[in-house]
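One structure below.
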Amino acid sequence: MSVQPAMPKCWRIESKPHKFCPGCGHGLVLKALGQAIDELGIQDKIVFGCDIGCSLLSWDFFNCDTIQTHHGRTTPVVTGIKRANPDVIAVAYMGDGGGYAIGSQHLVNASARNERITAILVNNTQYGMTGGQMAPTTMPGQKTETSPYGRDPEKTGYPTQGPEMVAAITPEGAYVARGTVANVKQLKGFIKKALENQIAGNGFSFVEALSTCPTNWRTNAEETWNFVEKEMTKYFKVGEIKVPGPREKEGQ
Amino acid sequence: MPEKPIQGEKRAFMTGNEVVAWAALAAGAEIMYGYPITPQNEIMHYWTRMVPKYDRRFLQTEDELSAGFTTVGGVLAGKRAFTATAGPGNTLMQEPLSMAEAMRLPVVVVVQQRGGPSTATVIYSQQEVTMTTLGGNGEGLRVVYSTATHQELFDYTIKAFNTAWKYRFPTFVLGDGYQAKMRESLVLYDPQTRGIEMVPTEPYVGKPGLPGTDRPPTHMRNTYNVEEELYEVLEQYLADYAKAAPQIAEYDAFDTEDADLVIVSHGVVSRACKAAVKELREAGYKVGYFRPITLRPLPVDQLRETAGKCKQMMVVESANGQLDRLVKEAIFGSTVEMLSLFKPGVGITSEEVVSRVKEIKG
């Protein structure tokens with residue numbers, strides 16, 4: 001008899017097993033989010049918005065009110081909900097294409113306005129749902145369907161440093177971190193702090209999660225884990241990047 | 001509880017944009033989301049000035065995509081939410097409005113048409129008819145009121161909220177730059193004193209109770225796995241729309257009974273046509289006047305009946321046949337001769353209409 005790992009209480013059992021590919025990191029990110037929601041006891045307050053891309057598959061994932069939005073438009077939908085009803089705890093869930101490419105103006109401006117929402121962005125270095133095209137986060141030299149000879153930074157730039165950008169443009173009170181599905185416990189901690197930051201009304205909360213896509217990476221388990229742990233972290237530094245509180249003065 | 005913005009009735013002389021802001025206040029709109037574009041800006045200007053006094057809200061967004069999608073969010077939270085736009089902004093607004101169609105969200109949008117294509121002019125046109133009635137990658141499951149006077153801007157802005165929340169289709173008030181910027185007298189009123197009950201709103205998300213235990217969670221999607229799944233949803237939507245259409249459709253007409261030629265127009269152009277028909281009648285011409293107030297859905301039965309009685313129909317509009325196409329579709333099969341006076345992006349005077357009719361009739 002096999003023992004199933006415990007599911008977060010706020011997961012919706014009717015929609016499990018979930019629809020993501022084997023080896024996909026989304027399930028782990030949503031597990032971390034689920035655990036954070038359970039620990040904070042906020043299942044009845046959560047409004048979860050999911051983007052289009054693989055993240056759209058989470059539209060019935062939780063026993064939480066959920067809105068599936070358009071590609072790149074989860075940030076404004078969730079912003080609109082939070083502005084109209086500040087009592088909800090609003091979560092915008094998106095991929096790197098939705099957040100850093102088509103929806104980048106929304107991420108930038110929600111950051112600058114310090115919207116009291118929590119954005120969780122899953123970075124798996126390419127567009128998963130559409131079949132593995134180059135994304136803003138694709139690694140230099142990484143082969144994708146639209147960079148078949150490897151991403152050339154001379155022609156297409158370097159991977160987007162999302163959390164670093166958000167940290168730079170948010171006013172005080174924002175919370176910004178980058179976690180990884182290779183360390184779910186730490187990721188859960190970051191997401192929990194991001195939700196707490198919204199509950200406290202401090203400001204915008206943003207967590208990027210480094211994630212896996214063995215389907216489009218065409219990697220086996222060992223290569224998948226190697227890529228997320230060793231390759232991606234060369235460009236994407238894991239840790240807290242901005243925490244609320246007054247900025248430290250120069251030289252202190 | 002802040003006082004009502006309008007107690008009873010009040011005569012006013014103001015611009016159309018100011019009228020829209022007052023109408024939204026009187027209708028109990030709770031939040032506006034917007035992005036600057038001429039000629040609708042003053043709707044935001046007046047709204048933001050009145051927001052603190054009447055406990056309303058406003059968010060200036062980064063673009064019209066965001067203005068539309070935040071308005072969608074406001075509606076999901078259960079608020080009477082609206083936005084206003086024009087021209088290229090209306091183009092961007094079609095994306096969020098297609099989501100509103102897909103999820104039957106009662107989003108209200110005020111459009112003050114400007115010249116097109118592209119940036120064109122900030123002044124005036126009737127060139128946003130096709131886009132406003134049928135925009136987005138969908139089936140035009142929306143309601144469009146085309147106003148002609150400031151009184152109508154007030155009346156139909158209030159009505160738009162009720163139509164949207166009653167039938168759960170996104171609803172547009174289609175004005176134009178002339179209506180937006182000119183001053184005109186009208187009567188502002190508290191809807192309740194006219195016996196107008198505002199249709200109650202309700203939240204889609206953030207309802208009381210623990211989802212999955214006390215109540216089912218709200219799970220709203222716009223993506224479907226297979227064609228049949230989508231088809232089933234759309235069949236229901238289209239049936240709902242077909243059922244609601246005759247209840248929603250509105251028009252104004254006179255002198256059509258014995259008319260040889262009926263002039264069809266909408267919006268501010270209908271004012272010139274109304275004056276022209278009266279003048280022509282006095283001069284002995286057998287002309288009639290027909291004006292659809294709803295461009296989507298059109299008053300199809302009345303249009304067909306009118307087309308069946310007259311010999312000629314002349315569509316007059318400040319666009320190159322955008323209303324004309326809708327009318328022709330509605331009266332398909334009729335043998336009435338179709339004539340036109342199209343001036344894309346330019347205003348039309350009653351003199352021009354009169355002289356065109358005299359040219360035709362000799």
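Remember, predicted model here, so these are calculated numbers, not experimental data. Reminder, nothing fancy here: chain letters follow the sequence lines and each chain counts from 1.
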Report summary line: Answer key: most heavy-atom pairs under 4.5 Å with chain B among A:Thr66, A:Leu56, A:Asp44, A:Thr75 is A:Thr66
Query raised in the report: Most heavy-atom pairs under 4.5 angstrom with chain A, which of B:Lys79, B:Glu30, B:Arg221, B:Met103?
Result: B:Arg221
Query raised in the report: So, for A:Ala84 and B:Gly74, which heavy atoms are closest and what is the spacing to 0.1 Å?
Result: CB-CA, 3.8 Å
Report task. With a 4.5 Å cut-off on heavy-atom pairs, point out which of A:Gln43, A:His70, A:Arg12, A:Lys45 contacts chain B the most. Result -> A:His70
Query - Toward chain B, the part of A:Ile67 with a non-hydrogen atom under 4.5 Å - result: both
Requested in this report: May I ask you to check whether over 12 heavy atoms, not counting those of B:Lys53, lie within 6.0 Å of atom NZ?
Outcome: no
Query - A:His106 side chain reached by B:Thr61 side chain, heavy atoms, under 4.5 Å - result: no
Query raised in the report: With a 4.5 Å limit on heavy-atom distance, are the side chains of B:Leu59 and A:Arg113 in contact?
Result: yes
Report summary line: Checked B:Phe69, B:Tyr33, B:Tyr204 vs chain A; the most non-hydrogen pairs under 4.5 Å come from B:Phe69
**Report entry** chain B interface, residue from A:Ala110, A:Gly72, A:Gly80 that has the most non-hydrogen pairs under 4.5 Å
**Finding:** A:Gly80
**Report entry** B:Tyr231 OH: over 12 foreign heavy atoms closer than 6.0 Å
**Finding:** no
Report task. Verify the neighbour count for atom CD of B:Glu139: are there more than 12 heavy atoms of other residues, nucleotides or ligands below 6.0 Å? Result -> no
Query raised in the report: Highest number of heavy-atom pairs under 4.5 Å with chain A: which of B:Arg215, B:Met220, B:Glu62?
Result: B:Glu62
Query raised in the report: Heavy-atom count around B:Asp214 CG within 6.0 Å, excluding the residue itself: above 12?
Result: yes
Query raised in the report: Side chain, backbone, both or neither: which part of A:Phe62 has an atom under 4.5 Å from a heavy atom of chain B?
Result: backbone
Query - Heavy atoms of other groups near B:Glu227 CD, more than 12 under 6.0 Å - result: no
Query - B:Glu229, CD atom: more than 12 neighbouring heavy atoms under 6.0 Å - result: yes
Query raised in the report: What part of B:Ile31 is in contact with chain A, defined as an atom under 4.5 angstrom from a non-hydrogen atom: side chain, backbone, both or neither?
Result: side chain
Report summary line: To the nearest 0.5 Å, atom CG of A:Asn109 lies from atom CG of B:Asp63 at 8.0 Å
Query raised in the report: Heavy-atom distance under 4.5 Å to chain B: side chain of A:Ile52, backbone, both or neither?
Result: side chain
Report summary line: Comparing A:Gln68, A:Gln105, A:Glu14, A:Lys82 against chain B, the one with the most heavy-atom pairs below 4.5 Å turns out to be A:Gln68
Query raised in the report: Within the side chain of B:His219, is there an N or O that forms a donor-acceptor pair under 3.5 Å with the backbone of A:Asn63?
Result: no
Report task. Please determine, among B:Pro203, B:Ala102, B:Gly206, the option with the most heavy-atom pairs under 4.5 Å with chain A. Result -> B:Gly206
Requested in this report: Among the options A:Val47, A:Val108, A:Val88, pick out the one with the most heavy-atom pairs lying under 4.5 Å from chain B.
Outcome: A:Val47
Query raised in the report: Do B:Asn222 side-chain atoms and A:Thr69 backbone N/O form a donor-acceptor pair below 3.5 Å?
Result: yes
Query raised in the report: Do the side chain of B:Arg57 and the main chain of A:Arg83 share a donor and acceptor less than 3.5 angstrom apart?
Result: yes
Query raised in the report: Is the shortest heavy-atom distance from the side chain of A:Arg73 to the side chain of B:Met99 under 4.5 Å?
Result: no
Requested in this report: Return the option, out of B:Pro211, B:Pro216, B:Ser66, with the maximum number of heavy-atom pairs under 4.5 Å with chain A.
Outcome: B:Pro211
Report summary line: So, the part of A:Val77 with a heavy atom under 4.5 Å from chain B: the answer is both
Requested in this report: Kindly indicate whether the side chain of A:Met129, heavy atoms from C-beta on, has any atom under 4.5 Å from the side chain of B:Thr223.
Outcome: no
